[in-house]
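Working notes, beginning with the structure itself.
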Amino acid sequence: MTSATRAAIKGAFLQRLEEHPIGDITVKDIVQDCGLNRNSFYYHFKDIPTLLEEIVAEQAAALLAAQGPRPSLPDFLDGLVSLALDHRQKLLHISQSTHWPLFAQHLLKLCRQVVESYATAAFGPSSLPPEDQEVLLRFYQTACFGQIIAWLSEGMREDLRPQLRRLCQLGTQTTAELFRQGALEHANAK
């Protein structure tokens with residue numbers, strides 16, 4: 001019953017979010033929509049931001065799990081944009097709310113996880129010093145994050161997938177060269 005109640009609360013919230021800005025959604029609205037009482041909501045979630053955080057974390061985990069053992073950055077970004085387009089109105093409501101920083105924090109973390117997975121799968125164990133690895137990982141993390149944030153802030157008017165795919169194509173050789181150059185400099189410094 002507990003998982004069914006949680007699912008009902010999440011479903012009611014997501015339906016409301018499709019139709020209303022997040023600031024206009026109340027716990028009372030959510031529990032009325034799923035036939036529960038307020039105590040049921042508060043038994044499962046501290047508040048609406050906690051509910052939103054759990055939903056975002058679950059979606060992020062599902063996207064990462066779908067990548068399998070050999071993640072592809074272009075495929076991941078395609079999946080992320082597809083998910084965003086499927087939930088366009090919800091994302092626009094979140095982006096125009098006080099809950100935006102929470103969502104952005106999860107997106108930044110997700111971009112980091114994906115970039116790390118991709119780098120490990122694409123380049124194997126690195127001979128780069130940890131500080132150089134960190135510089136490169138952060139660069140690509142924030143590049144992905146920045147592209148997505150800019151797209152969201154512009155109202156998601158265009159399909160971002162072709163642009164991200166092209167960016168990945170252009171960046172593949174650059175990334176390989178950066179890893180090669182860093183490893184060479186590190187080896188020469190020994």
Side-chain angles (χ1 to χ4, degrees), residues 3 5-31 33-34 38 40-67 71-119 134 137-165 167-168:
S3 63
T5 302
R6 290 178 79 81
I9 291 169
K10 291 174 189 177
F13 171 71
L14 289 172
Q15 183 59 43
R16 282 269 172 180
L17 190 56
E18 185 71 36
E19 300 162 2
H20 305 283
I22 193 168
D24 294 348
I25 301 172
T26 66
V27 171
K28 181 181 176 184
D29 296 330
I30 296 168
V31 296
D33 290 352
C34 56
R38 292 172 63 86
S40 295
F41 178 92
Y42 290 115
Y43 176 79
H44 295 283
F45 302 99
K46 177 182 170 193
D47 51 22
I48 290 177
T50 304
L51 170 61
L52 176 62
E53 185 172 1
E54 184 171 309
I55 291 169
V56 170
E58 287 174 354
Q59 291 293 323
L63 273 173
L64 285 172
Q67 287 297 296
S72 156
L73 188 57
D75 290 345
F76 167 78
L77 293 172
D78 274 356
L80 183 60
V81 172
S82 294
L83 180 65
L85 289 171
D86 289 345
H87 299 282
R88 183 178 186 276
Q89 194 59 48
K90 294 174 188 133
L91 285 174
L92 291 175
H93 282 149
I94 292 169
S95 72
Q96 299 161 0
S97 77
T98 58
H99 301 291
W100 178 245
L102 173 68
F103 177 80
Q105 178 184 9
H106 279 285
L107 180 60
L108 183 62
K109 183 178 175 183
L110 178 62
C111 288
R112 175 61 181 233
Q113 291 170 328
V114 169
V115 167
E116 283 179 350
S117 296
Y118 172 69
E134 177 58 29
L137 291 172
R138 184 169 290 249
F139 172 78
Y140 285 104
Q141 170 195 15
T142 57
C144 290
F145 177 77
Q147 289 289 323
I148 294 165
I149 291 294
W151 177 62
L152 289 169
S153 69
E154 294 165 356
M156 303 167 62
R157 289 184 185 91
E158 297 177 12
D159 185 348
L160 188 62
R161 290 174 285 203
Q163 179 180 341
L164 289 174
R165 191 159 284 281
L167 180 63
C168 290

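On a predicted model such as this, the values are computed, not experimentally measured, just so you know.
His93 meets the side chain to side chain donor-acceptor pair (under 3.5 Å) test with Gln89; sequence neighbours excluded. With sequence neighbours excluded, no residue forms a side chain to side chain donor-acceptor pair (under 3.5 Å) with Asp24. Residues passing the salt bridge (Lys or Arg N to Asp or Glu O under 4.0 Å) test with Arg38, sequence neighbours excluded: none. With sequence neighbours left out, Glu116 forms a salt bridge (Lys or Arg N to Asp or Glu O under 4.0 Å) with Arg112. Residues passing the ring-ring contact (aromatic ring centres under 6.0 Å, His included) test with Phe45, sequence neighbours excluded: Phe41. Shown here are the side chain to side chain contact (heavy atoms under 4.5 Å, CB included) partners of Ala8, two or more places apart in sequence or in another chain: Cys34. Here Gln113 pairs with nothing under the side chain to side chain donor-acceptor pair (under 3.5 Å) rule; sequence neighbours left out. Applying the salt bridge (Lys or Arg N to Asp or Glu O under 4.0 Å) rule to Asp159 yields the partners Arg161; only residues at least two apart in sequence or on another chain are considered. With sequence neighbours left out, Glu19 forms a side chain to side chain contact (heavy atoms under 4.5 Å, CB included) with Gln15. Taking the side chain to side chain donor-acceptor pair (under 3.5 Å) definition, one finds that Ser40 meets it with Asn37, sequence neighbours left out.
Among pairs with a residue in residues 83-110, those fulfilling salt bridge (Lys or Arg N to Asp or Glu O under 4.0 Å) read Glu18-Lys90, at least two apart in sequence or across chains.
Rounded to the nearest 0.5 angstrom, Leu85 CG and Leu160 CG are separated by 8.5 Å. With rounding to the nearest 0.5 Å, the separation of CG in Leu83 from CG in Asp78 is 12.5 Å. For the atom pair CG (Leu107) and CG (Leu80), the distance works out to 6.5 Å, reported to the nearest 0.5 Å. The CZ atom of Arg16 sits 7.5 Å away from the CD1 atom of Ile25 when rounded to the nearest 0.5 Å. For the atom pair Thr5 OG1 and His44 NE2, the distance stands at 4.5 Å (nearest 0.5 Å). Between the CG atom of Leu17 and the CG atom of Leu91 there is a distance of 8.0 Å, given to the nearest 0.5 Å.
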Step by step, work out the side chain to side chain contact (heavy atoms under 4.5 Å, CB included) result for Leu77 and Leu167.
CA-CA 11 Å; Leu77 293 172; Leu167 180 63; over 6 Å; no

May I have the step-by-step check of side chain to side chain contact (heavy atoms under 4.5 Å, CB included) for Ile148 and Cys111, ending in yes or no?
CA-CA 10 Å; Ile148 294 165; Cys111 288; 4.3 Å; yes

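Using a 4.5 Å cut-off on side-chain heavy atoms (C-beta onward), Val81 and Trp151 make contact.
Of all heavy-atom pairs spanning Val27 and Ile48, the tightest one is N-CD1, 3.9 Å. Scanning both residues, Gln141 and Leu108, for their nearest heavy atoms gives NE2-O, 3.0 Å. For the pair Met156 and Leu152, the tightest heavy-atom approach, listed with the atom from each and the gap, is SD-CD2, 3.4 Å. Contact detail for Ser95 and Trp100: the closest heavy-atom pair is CA-CE3, 3.2 Å. Scanning both residues, Ala12 and Ile30, for their nearest heavy atoms gives CB-O, 3.6 Å. Residues Leu92 and Gly155 approach most closely at CD2-CA, 3.9 Å, considering heavy atoms.
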Kindly list each side-chain donor-acceptor pair under 3.5 angstrom involving residues 50-57, sequence neighbours excluded, with atom names and distances?
from: Thr50; atom 1: OG1; to: Asp47; atom 2: OD1; distance (Å): 2.6
from: Glu54; atom 1: OE1; to: Arg6; atom 2: NH2; distance (Å): 2.4
from: Glu54; atom 1: OE2; to: Arg6; atom 2: NH2; distance (Å): 2.8
from: Glu54; atom 1: OE2; to: Lys10; atom 2: NZ; distance (Å): 2.7

